[in-house]
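These figures come from a predicted structure and were not determined experimentally. Both ligands and their constituent atoms are indexed starting at 1 by order of listing.
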Amino acid sequence: MDKLFERAIEEIRRGRRFLVISHVNPEGDAVGSLLGLALALKEAGKDVVPYLEDQVPELLGFLPGSEQVAHSLENEEPFDATFAVDCGQLERLGRGFAGFSGHGVLINIDHHKTNDHFGDINIVVPEASAAGEIVFDLLREAGLKITPEVAVNLYVAIHTDTGSFRYSSSTPEAFRKAGELVRLGADPWKIASRVYENHPLKRFRLLSEALSTLEMTDEGKIAVLTITQDMLKRVNGTKDLVDGFVNYARAVEGVAVGVLLRECGKDDYKISLRAKGDVDVSKIAEKFGGGGHPHAAGFNIKGSLEEVKEKIVGELKEAIEGGVQ
Ligand code: 5GP
Ligand code: MN
């Protein structure tokens, strides 16, 4: 068995009390991997706190265990170990965790190639389509039970991070694990209807506003969508409604990189990048202090909308012209 897995399993055997945590702005892989691991540890008789700085997105509220997610660590006793899943950088775990000293051995389970190995034990597998795949392997190696509730969570992790098995990360291994999870109790249609066919109406109202901002530059190779705070206010919505919008920018014929700029505050933007061709957008995100995968990456940036747009489009143009990098 892999040495790092052995070390993590040793911590599971030895420990009694665990914290399981993932990144801010959590999506399917973050929440699914977190809850899959937390529920499996609980099933094994451990004392487990699943924690997220942000709320679980409404669409993922059906995931078994999501009601158990804590959002404060203030009154928590120390833990024997903490599992951070699907998170490439310590800061992305949020402020609440940064100010918490009782985390014990920090075990970093991730699939971002930009992961900076912030843990005491770092299980970073860039070939994995989702952190959920690594959690699946860990549970199997540790001999922990994959109950139907765990299966639903890990299936959602893999399904969402592969873009419903469309992305290049959809390896035979990803399909095999998803298949096993279906056998163990994950129901594909029930899950798909909850995750993909259950959007609040306000998401479509927001989408229609977002699409009206679509700008094409660099001879149609870059497509940019913008979401402002005003737009979110108009639909009385929160930032998780925006999840997936950037894919519309990438989906335009001829586009090499789709960009979404979401205003978080005054002169403060969250950027999502999605590539279709050879451009590795994780490298561009890293230049701006963020990270991600070759085809999907993100970062935060300060400045006015025009300044931010110009900077990003400038970098992208250079990368597209240069072939890669
Ligand atoms: P999204 O655009 O959906 O927020 O993120 C796309 C990918 O980039 C995800 O794998 C996500 O984890 C990563 N990512 C997004 N924002 C950041 C960021 O600020 N820092 C880092 N390191 N990764 C990010
Ligand atoms: Mn992921």
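- More than 12 heavy atoms of other residues, nucleotides or ligands shown are found within 6.0 angstrom of CD on E67.
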I would like to know whether R17 and K46 meet side chain to side chain contact (heavy atoms under 4.5 Å, CB included); could you show each step before the answer? CA-CA 6 Å; R17 190 169 144 73; K46 307 291 182 180; over 6 Å; no
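- The existence of a salt bridge linking K270 and E263 is excluded, since no basic side-chain nitrogen approaches an acidic carboxylate oxygen closer than 4.0 Å.
- Closest non-hydrogen pair, D161 versus Y167, comes out as O-CD1, 3.5 Å.
- Residues E180 and R176 are paired through a salt bridge, judged by an N-O separation under 4.0 Å between the basic side chain and the carboxylate.
- Between H159 and Y196, the distance separating the two ring centers is shorter than 6.0 angstrom.
- Under 2.8 Å from the Mn ion (ligand 2), one finds the following protein N/O/S atoms: D29 OD2, D86 OD1, H111 NE2, D161 OD2.
- The two residues A186 and I191 come nearest to each other via the heavy atoms CB-CD1, 3.9 Å.
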Distances for all N or O pairs of ligand 1 and the protein under 3.5 Å?
residue	atom	partner	partner atom	Å
ligand 1	2 (O)	S272	OG	2.6
ligand 1	2 (O)	R274	NH1	3.0
ligand 1	2 (O)	R274	NH2	3.3
ligand 1	3 (O)	R274	NH2	2.7
ligand 1	4 (O)	K270	NZ	2.7
ligand 1	8 (O)	G291	O	3.4
ligand 1	8 (O)	G298	N	3.3
ligand 1	10 (O)	H112	NE2	2.8
ligand 1	10 (O)	H293	NE2	3.3
ligand 1	12 (O)	R92	NH2	3.1
ligand 1	12 (O)	H112	NE2	3.1
ligand 1	22 (N)	Q89	OE1	2.4
ligand 1	22 (N)	G291	N	3.3
ligand 1	23 (N)	G291	N	3.4
ligand 1	23 (N)	G291	O	3.3

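- Between R7 and E10, none of the side-chain N atoms (NZ, or NE/NH1/NH2) sits under 4.0 Å from a carboxylate O, so this pair counts as no salt bridge.
- In this structure, Y51 has its ring center no closer than 6.0 Å to that of F97.
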